Amino acid sequence: MINFCLTNNPTLVNSIWPNKLNLHNGVWLYYDSGVEIVDLPKHRIVFCGILWQGKVEDFVDTVKQNGIFYAIVINKESGEIKVINDFSDSFFLNYYVSGKDFVVTNQITAYSSKFEINQQWVNWSKRGVNLMDAPPEPHPDLTSPDGNHMKENVTPLKGVQYLGPGKVLNLRKSSIDTYFSYNNDIGTLFSEKPRHDYKSALDTAKRIIRENCERIKEKFGTQVVHFCSTGVDSLTLQSHLNDVPMYGFYSESFNPYHESTELFKQLYSDNNGTLHRFYSSSILEIINQHIDKLQKTINYRPAHLMFMHMIDRYKLNDRVIIQGNAGDHTFCHDRHYVLRYAVHQWNIRDAEQIWDKCLPHYGFGGPPGPIGTYSKESRIDEMNKYISNPCKDFATSMMQLRYFKRLPSLTGQYMPNQLMIDPYADLRLIELLPTSDVATQEASILDAQLQKDIISDKFKPYLNSYVAGTNWFYDQGLNNASFRRKTINAIVKNLQASFK
């Protein structure tokens with residue numbers, strides 16, 4: 001549905017593709033059914049994804065567009081070719097350039113046997129070093145909370161590199177330009193005079209989310225389904241997707257993390273959705289069943305494999321999947337943002353005081369759960385670590401999180417060949433909180449109030465009391481060193497299989 005490969009030397013790629021097209025002077029495009037080709041008098045544009053504003057033809061005038069996409073613009077007269085990556089690197093683009101030869105693709109398994117496995121990547125990745133995407137550009141004020149492990153642009157294949165978010169690869173010049181970066185385009189907005197009070201921010205958010213949901217339905221029609229939970233991000237979207245089929249899953253293991261299984265059951269029973277129950281005893285078996293499908297350079301989590309199981313179980317392989325995973329980073333309502341707000345806006349430097357003051361708020365995550373990431377001990381340690389080495393100011397602290405978490409854990413095209421769309425991945429929404437007044441920022445960070453006020457009366461009864469659920473996938477031995485080694489081995493195995 002979504003994969004492509006662009007090259008001027010077909011011997012560098014494998015030939016297992018449903019479609020093949022000579023785009024211009026020996027430049028070949030291999031592509032799947034969901035890739036669009038727009039033929040204009042002076043340009044040809046290859047596109048996949050969705051734009052929240054404008055139309056595909058607008059790439060001729062400017063590379064900076066707002067949406068979830070990749071695009072290739074070919075100038076028929078000059079032969080210039082530009083490959084444009086969206087601001088989130090949603091499709092995980094990678095490339096190879098050597099002399100006059102090039103390959104650009106979103107599918108790391110597209111390369112031929114002329115390439116070799118990069119054992120350095122394999123070894124470092126198994127040790128926990130994050131080499132799954134392009135390293136952030138160095139910035140003196142934006143160091144990683146855990147140390148920057150992404151210092152080199154290294155992929156599983158020798159000679160192949162990641163393009164990175166907000167980048168444009170000019171194949172004629174063999175150059176890469178940046179059209180968007182969080183620190184330059186978003187971070188500076190915190191220091192400007194606020195453009196929005198609460199009402200203005202609410203009206204803006206409501207309009208954009210409604211328009212984005214309508215765009216998705218207009219473009220993809222009956223292909224669309226929504227993976228929906230009882231969290232604020234999902235229910236905000238479901239309020240505008242009432243006619244879209246709804247799928248979800250739960251496990252009794254959700255309950256200790258404040259994601260009520262009873263709310264799940266009620267939501268799906270009342271609204272004719274399809275709800276799947278995972279039994280804790282079978283989770284590892286299901287994960288192992290789907291490991292062999294991994295074909296992307298993604299920092300996979302156990303939840304990715306469970307979603308793959310859902311897609312197979314309910315025959316959703318030809319559907320366009322809506323997920324609202326970027327909401328907590330767009331509206332900044334998780335415990336990492338709450339901590340930074342307490343340190344920099346309330347000037348609290350004591351972890352126990354922060355715990356007591358933030359505990360009632362939605363974004364902090366609720367009372368302590370079992371051992372692991374939701375326990376009080378773990379969260380206090382997390383707070384003390386930041387307090388001992390805080391950012392220089394609030395704006396920098398917010399950008400630190402966005403800088404190193406460009407993609408929330410479940411955002412992006414993690415399925416082998418299926419389009420995933422997140423309506424929160426919109427530049428206008430990402431700019432909203434930094435350009436709002438302090439009272440609006442606090443309401444969103446602490447209590448997700450902007451989104452709560454967008455949820456329709458129909459879906460408000462199903463809302464969790466706190467940010468919840470996903471930490472289950474980091475505890476109970478699911479997301480551990482063994483799981484990581486299995487994912488790396490699976491990616492390498494599929495690369496080697498593609499060489500044959």
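Numbers here simply count residues along the sequence, with the first being 1. Given the structure is predicted, the values throughout are model-derived calculations rather than measurements.
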Just say parallel, tilted or perpendicular for the rings of [X] and [Y], cut-offs at 30° and 60°.
X	Y	value
Phe115	Tyr111	perpendicular
Phe47	Phe69	parallel
Phe278	Phe249	perpendicular

Between [X] and [Y], is any side-chain donor less than 3.5 angstrom from a side-chain acceptor?
X	Y	result
Asn325	Asp233	no
Gln295	Gln107	yes
Asp318	Gln223	no
His333	Gln451	yes
Thr11	Asn9	yes
Lys158	Gln119	no
His329	Tyr424	no
Asn288	Lys486	yes
Ser181	Asn184	yes
Asp89	Tyr70	no
Asn19	Asp32	no
Lys293	Asn494	no

Between the side chains of [Y] and [X], is the shortest nitrogen-to-carboxylate-oxygen separation below 4.0 Å, so that they form an ion pair?
X	Y	value
Asp58	Lys64	no
Asp39	Lys76	yes
Glu36	Lys219	yes

ask   = Given the side-chain rings of Phe180 and Phe87, with only the six-membered ring counted for Trp, is the space between their centroids under 6.0 Å?
value =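 Here the rings of Phe87 and Phe180 have centres that are less than 6.0 Å from each other.
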ask   = Which heavy atom in Phe190 sits nearest to a heavy atom in Ala395, and how many Å separate them?
value =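 Shortest heavy-atom separation between Phe190 and Ala395 comes out as CB-CB, 3.5 Å.
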Nearest atoms (heavy-atom pairs only) where Asn66 meets Ala425 =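 Smallest interatomic distance, heavy atoms only, reads OD1-O, 4.5 Å.
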request  = Check whether NZ of the Lys or CZ of the Arg Arg340 lies under 6.0 Å from the centre of the six-membered ring of Tyr386 and within 45 degrees of that ring's axis.
outcome  =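 Pair Arg340/Tyr386 counts as cation-pi.
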request  = Kindly indicate whether a cation-pi arrangement holds for Arg172 with Phe102, taking the cut-offs as under 6.0 Å to the six-membered ring centre and within 45° of the axis.
outcome  =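 No; the conditions do not both hold, so Arg172 does not lie above the ring face of Phe102.
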task = Begin with the C-alpha distance, continue with both residues' side-chain angles, and end with the deciding distance and a verdict on side-chain contact (heavy atoms from CB on, under 4.5 Å) for Leu189 and Glu431.
result = CA-CA 8 Å; Leu189 298 177; Glu431 292 175 354; 3.8 Å; yes
inquiry  = Can you confirm whether more than 12 heavy atoms, excluding those of Tyr314, are under 6.0 Å from its OH atom?
reply    =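 Yes, the 6.0 Å shell around OH holds more than 12 heavy atoms from other groups.
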ask   = Can you tell me how far the OG1 atom of Thr155 sits from the CD atom of Gln120, to the nearest 0.5 Å?
value =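 Thr155 OG1 to Gln120 CD: 10.5 Å, rounded to 0.5 Å.
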ask   = When rounded to the nearest 0.5 angstrom, what is the spacing between CZ in Phe331 and CG in Leu429?
value =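 Rounded to the nearest 0.5 Å, the CZ-CG separation comes to 5.0 Å.
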